K.L.:
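I have a structure here, written as structure tokens, and I will follow up with some questions on it.
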Amino acid sequence: MQKKSWQTRTARLAAGTLAAALALGAFTGCGEKKGEGDKALTKVTVNEVTHSVFYAPQYAAINLGFFEEEGIDIDLSVGQGTDKVMTGVLSGSIDVGFGGPEAAIYIYNEGKENYSQIFAQLTKRDGSFLVGREKDDNFSWSKLKGTTLLPGRKGGVPYMTLGHVLRQNGLIPGTDLTLDDSIQFSAMAGAFTGGNGDYVALFEPTASMLEKEGRGYIVASIGEESGEIPYTAYFASKDFIEKNPDLVQRFTNAVYKGQQWVQSHSAKEVAEAIAPSFADTDVELLTTVVQRYKDIDAWSTDPVMERESFERLQDVMTEAGELKQKADYDNLVNNTFAEAAKANG
């Protein structure tokens with residue numbers, strides 16, 4: 001039923017986008033509206049994999065007006081899964097996808113002519129935290145032996161990174177512990193508090209909210225344990241990028257401004273800047289979460305996706321048994337816009 005519901009929403013979004021494009025004489029979902037001083041803004045539809053403080057540089061760029069400075073009006077929606085985000089990109093119902101780069105790799109390896117290219121990286125390590133049922137100041141990964149863990153969707157970067165961390169710590173998924181991937185990403189916190197599993201991997205602010213409520217406790221940072229990996233990035237179809245190079249450049253410029261601003265400001269300042277994007281979360285909790293991400297160095301300082309980092313991701317995917325053939329970095333990763341944003345920043 002959930003899948004059918006999502007397909008219905010996607011169809012409606014695609015229909016609405018097409019109607020707007022025809023009415024405005026635009027293409028691929030891009031339209032125009034007036035900003036301050038009657039400045040024309042180009043509407044760009046962006047579908048993010050989930051809504052998380054982990055993407056603070058993006059929300060800072062939106063709320064502080066960096067996209068508007070670049071003449072862009074962001075229409076942001078949540079896909080609840082990189083696979084769903086990629087479906088929207090390839091169908092043309094959204095302009096820019098924001099999620100794990102693994103989806104772009106899978107599509108490229110299918111041999112599609114209009115595959116999706118990655119053009120800007122936002123985060124550089126896993127942003128999820130391991131949450132247990134009891135507070136544990138002396139946690140060790142060996143304590144997971146014989147337990148059941150809720151890891152997220154099989155084939156996704158969170159699942160694969162967690163598997164990599166487990167193996168690094170001498171644990172074999174499926175043998176030493178059970179990974180229950182039957183629960184949808186958006187339902188994992190509810191399933192855990194409802195009694196499923198001994199541990200769960202959660203993004204912020206959900207992990208800290210459970211801790212504040214006394215219904216779960218953060219015991220480890222998966223990203224800190226795994227090391228750097230290109231975790232979340234922006235991608236669009238090759239056709240969209242080729243038809244809209246100036247728009248993609250301006251979009252990337254705004255992302256870079258957000259990254260730089262977050263790096264140079266305190267956790268409290270960042271929390272206050274992104275607060276409008278998290279109306280149900282108080283600034284004090286947001287500050288705690290932002291500091292937690294700063295402590296593990298979660299955010300890229302610029303949007304360039306380096307070759308070494310990209311290959312490390314493919315190694316993790318191969319290790320997980322999800323990748324039979326590596327994708328070509330030079331074709332799949334388009335750093336043209338990221339490099340220009342850095343040069344002109």
Side-chain angles (χ1 to χ4, degrees), residues 48-64 66 78 82 98-102 118 120-131 151-152 156-165 168 185 189 200-211 218-235 252 254-275 277-278 281 283 285-306 308-310 312-313 316 338 342:
E48 59 181 357
V49 59
T50 189
H51 195 66
S52 170
V53 180
F54 186 37
Y55 311 135
Q58 170 181 265
Y59 308 125
I62 293 172
N63 297 336
L64 295 172
F66 297 153
V78 182
T82 300
F98 178 58
E102 82 281 3
I118 300 161
Q121 179 176 330
L122 193 81
T123 62
K124 62 179 180 179
R125 66 177 73 241
D126 192 305
S128 55
F129 293 85
L130 188 67
V131 175
V157 171
Y159 185 102
M160 291 185 286
T161 305
L162 176 59
H164 177 67
V165 167
Q168 278 187 151
F185 181 85
V200 61
L202 295 174
F203 281 84
E204 295 284 20
T206 307
S208 289
M209 288 173 70
L210 288 192
E211 191 166 73
I218 296 172
V219 297
S221 162
I222 296 170
E224 187 173 35
E225 188 72 18
S226 68
E228 290 192 19
I229 191 171
Y231 202 79
T232 328
Y234 295 95
F235 45 84
T252 308
V255 170
Y256 180 52
K257 289 177 185 178
Q259 290 174 317
Q260 290 290 294
W261 192 91
V262 165
Q263 287 293 323
S264 61
H265 288 75
S266 69
K268 184 177 180 181
E269 290 171 318
V270 174
E272 290 171 345
I274 68 173
S277 299
F278 297 90
T281 308
V283 173
L285 181 58
L286 285 176
T287 301
T288 298
V289 173
V290 170
Q291 189 59 59
R292 196 166 268 148
Y293 278 130
K294 277 182 170 284
D295 289 343
I296 66 169
D297 193 24
W299 299 307
S300 301
T301 56
D302 63 66
V304 176
M305 182 175 288
E306 302 290 351
E308 181 181 356
S309 182
F310 179 77
R312 188 178 302 120
L313 169 62
V316 169
K342 278 183 64 179

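Because the structure is predicted, anything quoted here is derived from the model rather than measured.
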K.L.:
Would you say the side-chain atoms of Ser300 and Gln121 include a donor-acceptor pair closer than 3.5 Å?
P.N.:
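A pair is found: one side chain offers a donor N or O, the other an acceptor, under 3.5 Å apart.
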K.L.:
Say you draw a straight line from CG of Leu313 to CE of Met160; how long is it, rounded to the nearest 0.5 Å?
P.N.:
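Rounded to the nearest 0.5 Å, the CG-CE separation comes to 6.5 Å.
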K.L.:
Rounded to the nearest 0.5 Å, what's the gap from CD1 on Ile222 to CG on Leu162? Could you check?
P.N.:
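One gets 4.5 Å once the value is rounded to the nearest 0.5 Å.
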K.L.:
Using the side-chain contact (heavy atoms from CB on, under 4.5 Å) definition, which of the options Val289, Val290, Thr123 pairs with Phe54?
P.N.:
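With Phe54 as partner, Val289, Val290, Thr123 yield a single side-chain contact (heavy atoms from CB on, under 4.5 Å), made by Thr123.
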K.L.:
Taking Gly99's backbone N and O only, do any of them form a donor-acceptor pair with Thr232's side chain (distance below 3.5 Å, no angle check)?
P.N.:
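Such a contact is absent between Thr232 side chain and Gly99 backbone.
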K.L.:
Trp261 versus Val270: any side-chain heavy-atom pair under 4.5 Å?
P.N.:
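Sidechains of Val270 and Trp261: in contact.
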K.L.:
Answer yes or no: is there a side-chain heavy-atom contact under 4.5 Å between Tyr159 and Phe185?
P.N.:
no
K.L.:
Tell me, do Gln259 and Thr301 make a side-chain contact under 4.5 Å, heavy atoms counted?
P.N.:
no
K.L.:
What pair of heavy atoms forms the shortest contact from Ala233 to Pro101, and how long is it?
P.N.:
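Heavy atoms of Ala233 and Pro101 come nearest at CB-CG, 4.2 Å.
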K.L.:
Let me confirm one number: the CE-OG1 distance from Met209 to Thr288, rounded to the nearest 0.5 Å.
P.N.:
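So the gap between those two atoms works out to 13.0 Å.
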K.L.:
My understanding is that only residues two or more places apart in sequence, or in another chain, count here; which of them pass side-chain hydrogen bond (donor to acceptor under 3.5 Å, both in side chains) with Tyr59?
P.N.:
Glu48, His51
K.L.:
Would you indicate whether the side-chain heavy atoms of Tyr256 and Pro57 approach each other to under 4.5 Å?
P.N.:
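Sidechains of Tyr256 and Pro57: no contact.
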K.L.:
Would you say Asp126 and Tyr231 are linked by a side-chain donor-acceptor pair, where the criterion is simply a distance under 3.5 Å?
P.N.:
yes
K.L.:
Among Leu285, Thr281, Val131, Leu202, which one satisfies side-chain contact (heavy atoms from CB on, under 4.5 Å) with Ser208?
P.N.:
Leu285
K.L.:
Could you grab the distance from atom CD1 of Ile274 to atom OG1 of Thr287, nearest 0.5 Å is fine?
P.N.:
8.5 Å
K.L.:
At what distance, to the nearest 0.5 angstrom, does CG of Asn63 lie from OG of Ser277?
P.N.:
4.0 Å
K.L.:
Using every non-hydrogen atom in the two residues, find where Ser309 and Pro230 come nearest and quote the distance to one decimal.
P.N.:
OG-CD, 2.8 Å
K.L.:
Distance check, rounded to the nearest 0.5 Å: Gln260 atom CD versus Asp302 atom CG?
P.N.:
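Reported to 0.5 Å precision, the distance equals 7.5 Å.
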K.L.:
Quick test of your reading of the model: are Glu308 and Lys124 salt-bridged, counting only N-O distances below 4.0 Å?
P.N.:
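Looking at Lys124 together with Glu308, the answer is no, because their closest N to O distance does not fall below 4.0 Å.
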K.L.:
Where do Ile218 and Arg292 land on the side-chain contact (heavy atoms from CB on, under 4.5 Å) test, with the steps shown first?
P.N.:
CA-CA 11 Å; Ile218 296 172; Arg292 196 166 268 148; 3.2 Å; yes
K.L.:
Apply side-chain hydrogen bond (donor to acceptor under 3.5 Å, both in side chains) to Gln168 and list each qualifying residue two or more places apart in sequence or on a separate chain.
P.N.:
His164
K.L.:
Atom NZ of residue position Lys294 - does it have more than 12 heavy atoms of other residues, nucleotides or ligands inside 6.0 Å?
P.N.:
yes
K.L.:
Please examine the side chains of Leu122 and Pro303, heavy atoms only from C-beta on, and report whether any two atoms are closer than 4.5 Å.
P.N.:
no
K.L.:
Should Glu228 and Arg312 count as an ion pair when the cut-off is N to O under 4.0 Å?
P.N.:
no
K.L.:
Please check if any side-chain donor atom of Arg125 sits under 3.5 Å from a side-chain acceptor atom of Ser226, or the reverse.
P.N.:
no
K.L.:
Can any side-chain N or O of Ser52 pair as donor or acceptor with the backbone N or O of Glu204 at less than 3.5 Å?
P.N.:
yes
K.L.:
Quick one: sort the Tyr55 and Phe98 rings into parallel, tilted or perpendicular, breaks at 30° and 60°.
P.N.:
perpendicular
K.L.:
Check whether any side-chain heavy atom of Phe278 sits under 4.5 Å from a side-chain heavy atom of Leu286, and report yes or no.
P.N.:
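Yes, side chains in contact.
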K.L.:
Which residues pass the side-chain hydrogen bond (donor to acceptor under 3.5 Å, both in side chains) test with Glu269, not counting sequence neighbours?
P.N.:
Ser266
